[in-house]
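All values reported here derive from a predicted model rather than from experimental measurement.
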Amino acid sequence: MSASKAKRRISIAAKFNLLTMVIVLLTSGGISFILIRNVISYRYHNLLSHGLTIAGMASQTSEYCIYTGDTESMTQIIEGLEVDKDIAYVCLLNKEKRQLMWKSFKSGFQVPPAPAMGFTDSSLPGNIFYEEFINKEDGNRYINVLAPVVIFAANNSPDGLLNNTKGTNPEIIGYVQLGLSLENLQKRIHQFLISTLAFTIFFIIVGVVLTLFLTKRITSPIKNLSLVTKKISEGILEQQIDIYTNDEISDLAGTINHMLGRLRVYRDQLRHAAFHDPLTNLPNRNLFVERLERLIEHGKRNTNCAFSVLFLDLDRFKIVNDSLGHLIGDKLLVLIAQKLRECLRKSDTVARFGGDEFAILLDNVDDDFNAKFVAERILETLKEPFFLDGHRIVVSASIGIVLKGEFYNCPEDILRDADTTMYRAKRLGKARYTIFNTELHAHVMKFLRLEADLRHAIERSELVIYYQPIVSLASDDIVCLEALIRWQHPQRGLTLPDEFIPLAEETGMIDKIGHWVIQNACIQNKVWHDMGFSNITITINVSALQFRHKELPEQVGTIIKNSGLPGDAFELEITESTVMESKELVIEIFKELNKMNVHIVMDDFGTGFSSINNLKQLPFSKLKIDRSLILDITTNPNASSIVKSIIDMSHTLKIKVTAEGVETREQLDMLRLYRCDYVQGYLLYSPMKAEEITELLTQTSKHISDIKSNGLREHIL
Ligand code: C2E
Ligand code: MG
Ligand code: MG
């Protein structure tokens with residue numbers, strides 16, 4: 001609404017005051033007007049009729065003296081009228097209107113001349129004339145009355161008059177002139193007006209008192225209510241209206257009080273929801289950032305202000321979610337939140353940022369010793385397994401620590417660096433903490449760039465599969481090829497899987513990449529089979545994350561079917577940790593894959609749990625002893641006896657054994673001695689491109705057939 005159109009604001013109190021004043025003024029004014037009007041007219045006419053009567057009577061009593069010119073009687077008549085306070089003067093006139101005798105009852109008052117109006121003889125007796133005038137000398141108003149003195153003489157004989165005999169012919173023989181003073185009347189009217197004014201003022205005072213009373217009883221509570229509602233609209237809910245009366249306004253005040261109570265509850269709930277994570281009830285990112293911001297600001301003013309930020313991410317939490325379901329995942333997060341809270345002081349803040357990310361704000365801690373201490377305590381606490389719905393779940397976390405530094409101006413920068421540091425901890429092998437430094441920042445930035453590049457690697461055909469031959473010690477033939485992925489990065493050159501597979505796992509790209517490897521390795525093996533190397537099996541590394549998808553057997557089945565390869569020309573390698581993370585699901589997937597005749601190999605045995613139980617429970621067809629055990633097999637008797645035991649044990653379980661990382665002839669000899677089934681290593685072959693493998697297979701088969709035709713059997717080495 002435009003300002004010009006806006007209605008002028010008039011408060012209810014002002015309206016009340018105005019209305020009361022108008023009513024009071026109109027009532028008292030009206031009453032006064034009517035009263036004054038009536039009283040004035042009544043008094044005036046009273047006075048006039050009184051004056052006329054007196055004049056009439058005087059004219060009758062003065063007949064004789066005027067007729068006879070008896071001055072004594074005239075004086076008596078005039079003085080007899082002096083008692084009347086309303087008569088200002090009396091004058092007796094002859095018929096020519098000449099003054100015979102006069103008297104003014106007011107000192108110095110000059111009797112005005114008689115009115116010029118004429119009375120004819122035919123005038124009716126008692127016909128009296130009067131007119132009002134203002135005496136210039138005293139400024140008062142008077143009524144000049146003129147009454148004719150009439151005689152009715154039968155024959156105009158004064159004797160008749162003297163004898164008191166009345167004739168029938170009227171004749172004016174003189175006049176009585178008297179002046180009626182309106183001064184007394186005016187005084188009385190004046191007094192009346194004053195009392196009316198007093199009466200009006202009294203009414204106005206009563207009106208004002210009434211208005212004040214009404215204002216106090218009605219408008220001030222309304223004003224109070226309006227103030228309260230205005231504050232509510234401004235978001236001020238910490239208020240209460242005092243109720244003193246029991247009427248409609250107090251009912252309204254009670255309702256507003258109730259509404260205020262409800263609003264406070266909703267506001268608190270909203271505030272809590274806005275600043276807390278609904279699952280764990282921990283503070284959320286908003287609240288964490290707010291507290292951190294406050295500490296940063298405080299730190300700018302106070303150099304003693306100390307704090308550290310820990311960014312915590314659970315390792316492989318996705319696996320728990322994928323394999324055990326989101327419900328258990330959620331329950332686990334709640335338990336972890338509880339444990340984190342127990343690890344910290346009350347003054348510290350632990351917040352959930354979403355997913356499996358937590359942030360911790362350590363108040364009064366800015367030295368790496370104490371921050372490390374807290375991180376270690378958290379990692380130690382998380383090592384204890386969680387038991388949920390019959391599942392034993394072991395979790396670990398990676399923590400990035402940022403200590404308070406003067407160069408931080410906003411929470412986002414601290415959190416960015418804490419996040420970066422946490423990723424570094426993940427890269428370093430998870431279940432650990434790292435402390436931020438600038439070198440680390442540069443490293444992680446590089447890593448982030450790598451992640452962005454990897455997203456397009458498949459579309460840009462930058463991924464390549466190398467194949468490393470695995471040789472049977474019984475026949476010395478290449479019986480298997482391990483598919484090992486490489487990334488031909490445009491700037492970095494040939495990049496090894498250790499540099500990008502963990503990244504692909506973290507970012508969820510592993511599913512796409514894993515599928516691409518299985519598909520392409522299968523197609524390639526089909527090519528080799530078609531070339532006549534049908535004894536070749538392809539073994540493909542599968543990430544634990546891929547093994548968490550129930551759809552994996554179906555995907556593999558489709559690829560095998562499409563490639564036209566037999567199922568046993570295809571093996572999948574998984575590490576022991578994959579099995580440990582979700583045994584039930586792995587068993588299920590194993591069953592499905594076995595139905596398709598796809599074998600499963602346990603990779604890197606000897607690095608983790610090395611559990612015989614796992615080997616016993618799961619139908620592994622092969623086991624690969626990790627390179628780290630083979631490395632010192634010839635120098636370390638413990639290593640050699642462990643390797644021997646693994647081989648023997650596997651054979652007992654009818655599992656074939658491959659030794660990885662064979663680099664020396666001594667290692668090979670020893671493995672042969674221990675009756676290892678297969679060997680893989682640089683001593684035999686390094687990973688090669690598919691074309692090189694084709695050439696190798698062609699040459700080796702020719703070489704072997706030559707040897708066989710010579711009746712000799714020679715090792716290919
Ligand atoms: P892995 O499955 O244990 O593969 C064997 C690794 O040992 C390969 O490294 C291979 O080049 C290396 N190696 C073989 N013989 C020797 C030797 O005599 N000495 C030494 N020092 N190393 C040897 P690579 O190709 O760098 O692969 C590393 C790991 O990356 C693999 O370990 C595997 O876990 C993973 N990986 C490779 N390709 C894939 C893939 O397509 N998918 C997944 N999920 N992981 C893959
Ligand atoms: Mg492998
Ligand atoms: Mg391995």
Side-chain angles (χ1 to χ4, degrees), residues 463-472 475 477-486 497 501 510-575 578-579 585-605 618-624 650 654-658 660 677-680 685 687-690 693-694 696-697 701:
L463 296 181
V464 256
I465 304 174
Y466 276 49
Y467 298 89
Q468 186 176 26
I470 297 171
V471 175
S472 159
S475 64
D477 285 344
I478 298 173
V479 287
C480 188
L481 293 166
E482 181 172 9
L484 295 164
I485 193 167
R486 265 97 185 101
I501 288 291
I510 190 67
D511 290 326
K512 203 173 159 195
I513 293 174
H515 186 263
W516 180 89
V517 174
I518 297 174
Q519 199 169 33
N520 284 277
C522 244
I523 293 170
Q524 183 57 55
N525 199 22
K526 173 71 177 151
V527 173
W528 287 320
H529 273 234
D530 290 347
M531 286 172 73
F533 309 113
S534 52
N535 61 327
I536 296 292
T537 305
I538 279 282
T539 179
I540 299 169
N541 293 287
V542 178
S543 155
L545 287 176
Q546 285 172 272
F547 232 82
R548 291 297 163 267
H549 295 309
K550 283 187 188 140
E551 310 81 53
L552 182 76
E554 199 186 317
Q555 279 178 8
V556 172
T558 317
I559 292 171
I560 294 176
K561 207 171 141 201
N562 290 346
S563 69
L565 277 176
D568 60 0
F570 189 83
E571 281 174 358
L572 295 180
E573 289 188 15
I574 58 166
T575 57
T578 311
V579 178
L585 187 69
V586 170
I587 291 175
E588 218 173 285
I589 294 178
F590 263 57
K591 277 186 197 159
E592 292 298 309
L593 290 170
N594 280 349
K595 275 185 208 162
M596 293 182 271
N597 217 9
V598 173
H599 296 284
I600 296 150
V601 180
M602 181 177 274
D603 201 357
D604 302 340
F605 193 80
L618 296 161
F620 283 106
S621 61
K622 273 186 202 163
L623 175 150
K624 286 177 116 180
S650 303
K654 307 226 174 338
I655 296 172
K656 300 266 184 192
V657 181
T658 306
E660 284 185 322
D677 302 290
Y678 309 103
V679 280
Q680 173 184 6
Y685 304 103
M688 287 175 254
K689 287 184 185 163
I693 293 285
T694 311
L696 175 74
L697 289 175
S701 67

Please report the closest heavy-atom contact between Val479 and Val471, naming both atoms and the distance. CG2-C, 4.4 Å
Do side-chain atoms of Asn541 reach the backbone of Glu573 as a donor and acceptor pair under 3.5 angstrom? no
Strictly distance-based, threshold 3.5 Å: is any side-chain N or O of Gln546 a donor or acceptor partner for the main-chain N or O of Ser543? yes
Count the heavy atoms of every other residue, nucleotide or ligand shown that sit under 6.0 Å from NZ of Lys656, and state whether that count exceeds 12. no
Side-chain heavy-atom pair Thr694, Met531 within 4.5 angstrom cut-off: yes
Residues in ring pair (Phe, Tyr, Trp, His ring centres under 6.0 Å) with Phe620, at least two apart? Phe590
All side-chain hydrogen bond (donor to acceptor under 3.5 Å, both in side chains) counterparts of Asn535, not counting sequence neighbours: none
Can you name the side chain to side chain contact (heavy atoms under 4.5 Å, CB included) partners of Lys689, sequence neighbours left out? Tyr466, Glu691, Glu692
Residues two or more places apart in sequence or in another chain: which of them pass side-chain hydrogen bond (donor to acceptor under 3.5 Å, both in side chains) with Thr537? none
When every non-hydrogen atom of Met596 is compared with those of Pro553, the smallest separation belongs to CE-O, 3.1 Å
As an exercise, state the distance from CD1 of Ile560 to CG of Leu593, rounded to the nearest 0.5 Å. 8.0 Å
From Ile655 atom CD1 to Ser621 atom OG, the distance as rounded to the nearest 0.5 Å: 8.0 Å
What pair of heavy atoms forms the shortest contact from Thr558 to Glu554, and how long is it? OG1-O, 2.7 Å
Taking every non-hydrogen atom, the tightest pair across Ala569 and Ile536: CB-O, 4.1 Å
First locate atom CG of Asn520, then atom CG of Leu463, and finally report the distance between them rounded to the nearest 0.5 Å. 9.5 Å
Distance (rounded to the nearest 0.5 Å) between Leu696 CG and Met688 CE: 4.5 Å
Side chain to side chain contact (heavy atoms under 4.5 Å, CB included) with Phe570: which of Thr539, Val556, Asn525? Val556
When rounded to the nearest 0.5 angstrom, what is the spacing between CD in Gln555 and CD1 in Ile518? 7.0 Å
Using side-chain heavy atoms (C-beta onward) and a distance below 4.5 Å, is Leu565 in contact with Cys522? yes
d(Lys622 NZ, His599 NE2) to nearest 0.5 Å is 8.5 Å
Which atom pair, heavy atoms only, marks the closest approach of Ile540 to Ala483? CG1-CB, 4.1 Å
Please, which pairs that meet ring pair (Phe, Tyr, Trp, His ring centres under 6.0 Å) have at least one residue in residues 515-539, sequence neighbours excluded? Tyr467-Trp528
Pro619 side chain near Ile600 side chain, heavy-atom distance below 4.5 Å: no
Gln468 and its side chain to side chain donor-acceptor pair (under 3.5 Å) partner, picked from Glu482, Gln680, Glu660: Gln680
Looking only at heavy atoms, which two atoms of Lys624 and Ile470 are closest? And how far apart? NZ-CD1, 4.0 Å
Under the side chain to side chain contact (heavy atoms under 4.5 Å, CB included) rule, collect the residues that match up with Lys591, sequence neighbours excluded. Ile587
